Amino acid sequence: MNPILVLPSEKYKESFLEALAEQDPGQMNPLEGESYKRFNGDFEAFLAYLSDEREGKNLLEGRVPQTVYWIIDGEKFIGRISIRHRLNEALMHIGGHVGYSIRPSERHKGYGSIALGLVLPKVHELGIEKALLTCLKTNEASRRIIEKNGGIFENEVTNDEGLVSLRFWVPTT
Ligand SMILES: CC(C)(COP(=O)(O)OP(=O)(O)OC[C@H]1O[C@@H](n2cnc3c(N)ncnc32)[C@H](O)[C@@H]1OP(=O)(O)O)[C@@H](O)C(=O)NCCC(=O)NCCS
């Protein structure tokens, strides 16, 4: 097992689409980061959108610049991990600086934990010394990933729908 982080690319299109097909349609924190559906299968336009988002261009209402990395092992798409370059009011409570998702068939193998470790230096490069990470209180796997990567618990918050999230700060060095 030797995952790496790469920028989204045409090279992994087939594997990415296979991963999407594995996913439960109601998945929270989906593999594509919530946007692919909007492109009706136009993969090129999807990549262009991600590139713009990385550069802070044409941002959708309420979004901050974000870099999406794909977690790749060999030639296989394993999942994605996204860095928000700054926090807005909403992300400060729930969402934080980093979000991730591992394809269902590759969960529970350690990829999520490794991916967060790999992304932290990239978060640091953006000038973020401590990254905010949040997870639902019920998401045991995500909580373990954050704690294993040095997350320091701050508090829990409840959203309008009554969902409880835990907030952690993770040093990026
Ligand atoms: C949460 C998620 C990213 C975990 O990824 P993963 O690659 O399976 O995680 P890992 O294999 O690195 O496991 C991390 C820890 O959680 C534990 N774990 C994994 N799946 C678990 C589960 N279903 N229930 C309880 N613990 C679990 C592992 O044993 C490991 O703990 P350990 O180090 O003490 O052994 C993945 O399940 C996922 O993509 N879920 C949907 C999207 C999501 O919830 N994203 C996070 C939003 S905050």
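All values derive from a computational prediction rather than experimental measurement. Whatever order the structure lists them in is the order used to number ligands and atoms, beginning at 1.
- Using a non-hydrogen distance threshold of 4.0 Å, Gly99 does not register as a contact of ligand 1.
- Every N/O-N/O distance between Met28 and ligand 1 stays at or above 3.5 Å.
- In this structure, atom 29 (O) of ligand 1 lies nearest to the protein heavy atom His108 CE1, 3.2 Å.
- Nearest protein heavy-atom neighbour of atom 37 (O) of ligand 1: Arg107 CD, 3.2 Å.
- Checking Glu140, Arg143, Arg144 one by one against Cys135, the side chain to side chain contact (heavy atoms under 4.5 Å, CB included) holds for a single residue, Arg143.
- Here the heavy atom of the protein found nearest to atom 13 (O) of ligand 1 is Ser113 OG, 4.1 Å.
- For ligand 1, the atoms sitting less than 4.0 Å from at least one non-hydrogen atom of Gly110 are 10 (P), 11 (O), 12 (O), numbered in the order shown with element in parentheses.
- With a 4.0 Å heavy-atom cut-off, ligand 1 is reached by the backbone of Lys109 but not by any atom from C-beta on.
- Distance from atom 44 (O) of ligand 1 to its nearest protein heavy atom, with residue and atom name: Asn139 ND2, 2.8 Å.
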Test side chain to side chain contact (heavy atoms under 4.5 Å, CB included) applied to Asn58 and Arg63, step by step: CA-CA 10 Å; Asn58 304 318; Arg63 310 265 302 196; over 6 Å; no

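- Proximity to Ser101 (heavy-atom distance under 4.0 Å) selects the following atoms of ligand 1: 39 (O), 42 (C).
- Close approach of ligand 1 to Glu140 is summarised as follows: ligand atoms under 4.0 Å from at least one heavy atom of the residue are 25 (C), 26 (N).
- For atom 35 (O) of ligand 1, no protein heavy-atom neighbour is found at a distance under 4.0 Å.
- Each of the atoms 48 (S) of ligand 1 lies under 4.0 Å from some heavy atom of Cys135.
- In this structure, the protein non-hydrogen atom closest to atom 3 (C) of ligand 1 is Tyr100 CD1, 3.6 Å.
- More than 12 heavy atoms of other residues, nucleotides or ligands sit less than 6.0 Å from atom CD of Glu55.
- For Glu32 and Lys37, the salt-bridge test passes: some basic side-chain N is under 4.0 Å from an acidic carboxylate O.
- Nearest to atom 2 (C) of ligand 1 among the protein's heavy atoms is Ile145 CD1, 4.3 Å.
- Taking CG from Leu116 and CG from Asn149, the interatomic distance works out to 4.0 Å, rounded to the nearest 0.5 Å.
- Proximity of the aromatic rings of Phe77 and Tyr12 is defined here by a centroid distance below 6.0 angstrom, and this criterion is not met.
- Using a 4.0 Å cutoff on heavy atoms, Leu133 does not count as a contact of ligand 1.
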Just distance, no hydrogens or angles: give the donor-acceptor pairs under 3.5 Å from side chains in residues 162-173, sequence neighbours left out.
unit_1 : atom_1 : unit_2 : atom_2 : d
Arg167 : NE     : Met92  : O      : 3.0
Arg167 : NH1    : Glu154 : OE2    : 2.7
Arg167 : NH1    : Asn155 : OD1    : 2.9
Arg167 : NH2    : Met92  : O      : 2.9
Trp169 : NE1    : Glu154 : OE1    : 3.1
Thr172 : OG1    : Ile128 : O      : 2.7
Thr172 : OG1    : Glu129 : O      : 3.0

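- Among protein heavy atoms, the minimum distance from atom 31 (O) of ligand 1 is reached at Arg144 NE, 3.6 Å.
- The local environment of NZ in Lys11 is sparse, with at most 12 non-hydrogen atoms from other residues, nucleotides or ligands closer than 6.0 Å.
- Under the 30°/60° scheme for interplanar angles, the aromatic rings of Phe16 and Phe46 are found to lie parallel.
- Here the NZ-CD distance, from Lys76 to Glu106, works out to 4.0 Å after rounding to the nearest 0.5 Å.
- Distances from atom 39 (O) of ligand 1 to the heavy atoms of Leu136, Ile102, Leu116 put Ile102 nearest.
- Atom 41 (C) of ligand 1 has Gln27 NE2, 3.1 Å as its closest protein atom, hydrogens excluded (heavy atom only).
- Lys122 and Glu125 are not joined by a salt bridge, as no carboxylate oxygen comes within less than 4.0 angstrom of a charged side-chain nitrogen.
- Close contacts between ligand 1 and Thr134 involve ligand atoms 48 (S) [criterion: under 4.0 Å to a heavy atom].
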